[in-house]
Each structure stands twice: as C-alpha cells, then as structure tokens.
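Notes for the one structure printed next.
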Amino acid sequence: MTDVSRRLTATARITVMTGAGVSAASGVPTFRGADGLWKQFRPESLATVEAFARDPKLVWEWYDWRRQKIAACEPNAAHHVLAKWSRRFHHFNLITQNVDGLHERAGTANTIRLHGSIWEVFCWDGCPTSPARWRDETVPQTKIPPACPHCGGLIRPGVVWFGESLDPQVVELATAASDCDIFFTIGTSAVVYPAAGFVDLARRSGAFTVEINPEATPVSSAVDLVLRGSAEALLHQIEEHLV
Ligand code: OAD
C-alpha cells in the first residue's frame, strides 16, 4: 500500500482504468459476477445493432430500466478518491469502460469513456439535422422507443454494442494514456478488448502496473502488484497513505 502511495507523486504520469466493479458499491450491477447482467440477460438480444433493428422497444426498455437504476445510485468512495486524484495530480488520466457517468458525477474531468455513455443518444438513421450525439437524461423515458427530435425517427443509446468498433479517437487517447509511470486496472474482469490490452501496453512502456480487484483476472499474473479487495476500500487506503 505504502509502495503504491509513494509512487503517486506530483510528477508521476498516473493512469487508471476502471470497469463495472468500481460502481458495484454504488449499487450498479456488474456484467459477469454471480448477479451480473450477462447472467440474467443475453447480450445478443439487447446490446447489438441487430437486436435494436429487430426490436427497438425491447432494447430501449432494458436501457430505460438500467438508466433508472443508475439514476438512483450515488458515486462511492472509489469514484471520490479518483476524482480527487484527477484534481491533485497534473499527469492523471482516467480511462473507463463504464457508461454510468458516476466518475463524472464524482467530479472527474476529462474521463476517457471507451464504451460511450448511457446518458447520451444519437439518431439511429443519422439524420443530417441532428448533432453527432447529445445528452438525454430523461428518466424514465416518456415514450419507448424515444423519437429523434430532429427527424421523428428512432434514437439509440450512445453506448458501444457488441460487434461495434470503438471511437478511434477515444482509443488513441487511451493508448497515449497507457504510456505512463503507474497504471491501475480496477474493477474489471479484463476480458473485453481493447480495454484489457491497455495494461500490457502500459507495462511495455515501463509503467508499474497494479490490479485492484477482489477476484483474479487474466491480467493478475502479468501485473507488478495485485491488491485483492474492493476498489472503494483499497483506494481509500492508498489515499490515506499519500504524503
Ligand atoms: P465485469 O462485470 O466483466 O467485471 C467486473 C469486475 O469487477 C470483476 O472482475 C469483479 O471481480 C470486480 N469487482 C466486483 N466488485 C468489486 C469492487 N467492489 N471493487 C473492485 N472490483 C470489483 O465488468 P467489466 O470488466 O467492466 O461492455 O466489463 C467490461 C465490459 O463488458 C463492459 O464495459 C461492458 C461489458 O459487456 C460494453 O457494454 C461494451
């Protein structure tokens, strides 16, 4: 713990990558745990372009349910510590796979959102009068599926679905951020790429790599230090040891 805290200096380039586990203590369901979303729902029925084309109402009902759940959650100690670091350290980057917006709500600026945001939408038909994407925080939606205010067609959630490519600019930012002095992979099962590959990229750039997770993952054996436990407890402890 003290070793990690000692490495968090004013000049250090610090990068943190988070996954669903960081929001678990807030009450946001993870994807692959015992009560994970992918244990109850089939991703191919709800989180693909084909699923939306087939049944936009069903997909929107699921997203509306998740939005309602998330709207009732508050950022936890893990989000708060990371928000503090984003203000305290000049060379700090946060990469997240989470779409819940809790890092932003805790006050972390410039979050690199790999998988988009559940609070953004865009026109399904890409109508020329609508912006590329915009915020929509209507909870619950007044009409499902909601209509594009610009063309009257469908809008879709601004998240990355299975089989879709990530925004290349976002990947570029995350790749650049992986060149750092200390890299944390926190609360992610590290099975979804390219996110899972950033820790290796960081290691090859010479970074000291740390995993924070109560369970083992495919990257556990490759990182320099494994801290077994919850993000909210361990980040708080690291924060307490900062000089
Ligand atoms: P997962 O649900 O796959 O993994 C959550 C991880 O969090 C697991 O490794 C848990 O052990 C860990 N965990 C649980 N509680 C924790 C806590 N309190 N503190 C720290 N860790 C804890 O979620 P992700 O790795 O984020 O993609 O999943 C990656 C992507 O797969 C998601 O972004 C989503 C999903 O399909 C898209 O939606 C595109």
Side-chain angles (χ1 to χ4, degrees), residues 1 4 16-52 59 62-63 65-67 69-70 73-82 94-103 106 111-121 156-167 170-171 174 184-200 210-223 225-239:
M1 202 65 65
V4 175
V16 175
M17 188 179 70
T18 63
V22 159
S23 296
S26 296
V28 181
T30 61
F31 293 94
R32 296 178 181 79
D35 304 321
L37 291 172
W38 298 148
K39 289 269 153 58
Q40 307 165 53
F41 304 102
R42 283 156 38 94
E44 56 273 33
S45 309
L46 298 164
T48 62
V49 167
E50 293 75 22
F52 190 79
V59 171
W62 191 63
Y63 277 93
W65 170 75
R66 283 180 61 199
R67 283 160 58 111
K69 250 184 133 52
I70 294 166
C73 294
E74 294 296 331
N76 66 58
H79 299 108
H80 289 304
V81 167
L82 295 174
L94 180 71
I95 307 168
T96 190
Q97 298 165 82
N98 299 346
V99 298
D100 57 30
L102 290 180
H103 284 304
T111 301
I112 302 169
R113 282 192 265 112
L114 283 176
H115 295 162
S117 169
I118 203 162
W119 303 112
E120 287 183 358
V121 295
R156 59 159 279 184
V159 299
V160 177
W161 281 331
F162 285 92
E164 287 192 301
S165 304
L166 272 56
D167 179 338
V170 173
V171 174
F184 293 85
T185 172
I186 309 181
T188 174
S189 57
V191 292
V192 174
Y193 280 78
F198 291 128
V199 62
D200 191 43
V210 184
E211 175 178 67
I212 297 181
N213 198 311
E215 288 173 23
T217 76
V219 302
S220 299
S221 55
V223 293
L225 178 69
V226 173
L227 298 175
R228 280 279 164 261
S230 76
E232 58 280 10
L234 289 169
L235 284 173
H236 178 70
Q237 284 177 36
I238 295 170
E239 168 71 12

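Here, residue 1 is the first one in the sequence, and each next residue gets the next number. Start at 1 and go down the list; that is how both ligands and their atoms are numbered.
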Exercise for the section: Flag the pair Val192 / Phe31 as yes when at least one side-chain heavy-atom distance between them is below 4.5 Å, and no otherwise. Expected result: no

Practice task
State, with a plain yes or no, whether a side-chain heavy atom of Leu114 is found less than 4.5 Å away from one of Val170.
Solution key: yes

Problem - Nitrogen or oxygen atoms of Gln97 and ligand 1 under 3.5 Å apart - result: yes

Handout entry: Nearest non-hydrogen protein atom, atom 20 (C) of ligand 1
Key = Ala231 N, 3.4 Å

Practice task
Identify whether the distance between the nearest side-chain nitrogen and carboxylate oxygen of Glu215 and Arg32 falls below 4.0 Å.
Solution key: no

Problem - Backbone or side-chain N or O of Ser230 under 3.5 Å from ligand 1 N or O - result: no

Fill in the blank from the handout: heavy-atom search around atom 14 (C) of ligand 1 in the protein gives Gly21 CA, 3.9 Å

Exercise for the section: May I ask you to identify, for Trp161, whether its side chain, its backbone, both or neither come under 4.0 Å of ligand 1 on a heavy-atom basis? Expected result: neither

Practice task
Would you check whether Ala20 has a nitrogen or oxygen atom less than 3.5 angstrom from a nitrogen or oxygen atom of ligand 1?
Solution key: yes

Handout entry: Pairwise distance CZ(Phe162) to CD(Glu50) - rounded to 0.5 angstrom
Key = 12.5 Å

Problem - Check: Ile70 and Trp119 side chains under 4.5 Å, non-hydrogen atoms - result: yes

Problem - Any side-chain heavy-atom pair of Ile186 and Leu234 under 4.5 Å - result: no

Fill in the blank from the handout: For atom 9 (O) of ligand 1, the closest protein heavy atom turns out to be Asn213 ND2, 2.9 Å

Exercise for the section: Using heavy-atom distances, let me know which of Gly19, Pro157, Gly187 sits nearest atom 5 (C) of ligand 1. Expected result: Gly187

Practice task
Just need the protein heavy atom nearest to atom 2 (O) of ligand 1, so name the residue and atom and give the distance.
Solution key: Phe31 N, 2.6 Å

Practice task
Please could you name the atoms of ligand 1 that Ala24 approaches to less than 4.0 Å, counting only its heavy atoms?
Solution key: 15 (N)

Handout entry: Which residue and heavy atom of the protein sit nearest atom 36 (O) of ligand 1, plus the separation
Key = Trp38 NE1, 3.0 Å

Practice task
Please report the closest heavy-atom contact between Glu44 and Ala51, naming both atoms and the distance.
Solution key: O-CB, 3.4 Å

Problem - Location of contacts on Thr30 toward ligand 1, heavy atoms closer than 4.0 Å - result: both

Practice task
Specify the protein heavy atom at minimum distance from atom 30 (C) of ligand 1: its residue, its atom name, and the distance to 0.1 Å.
Solution key: Val192 CG2, 3.8 Å

Problem - Interfacing atoms of ligand 1 (cut-off 4.0 Å, heavy-atom, Phe162) - result: 36 (O)

Practice task
Determine whether the side chain, the backbone, both or neither of Ser189 has a heavy atom under 4.0 Å from any heavy atom of ligand 1.
Solution key: both

Exercise for the section: Would you mind reporting whether Val191 and Pro218 have side-chain heavy atoms less than 4.5 Å apart? Expected result: yes

Exercise for the section: Could you establish whether Val160 and ligand 1 come within less than 4.0 Å of each other, counting only heavy atoms on the residue side? Expected result: yes

Handout entry: Minimum-distance pair of heavy atoms, taken over all atoms of Gly27 and Cys73
Key = C-SG, 3.9 Å

Practice task
Provide, to 0.1 Å, the distance between atom 25 (O) of ligand 1 and the closest protein heavy atom, together with that atom's residue and name.
Solution key: Thr188 OG1, 2.7 Å

Fill in the blank from the handout: Counting heavy atoms under 4.0 Å, the part of His115 that contacts ligand 1 is side chain

Completion exercise
Nearest heavy-atom approach of Trp38 to Ala47 is CH2-CB, 4.0 Å

Handout entry: Exercise: do Ser23 and His79 side chains pair donor with acceptor under 3.5 Å
Key = yes

Exercise for the section: Please tell me if the side chains of Val210 and Leu227 come closer than 4.5 Å, counting only heavy atoms from C-beta onward. Expected result: yes

Problem - N or O contact, Pro214 vs ligand 1, cut-off under 3.5 Å - result: no

Fill in the blank from the handout: In this structure, atom 28 (O) of ligand 1 is nearest to the protein heavy atom Arg32 NH1, 3.1 Å

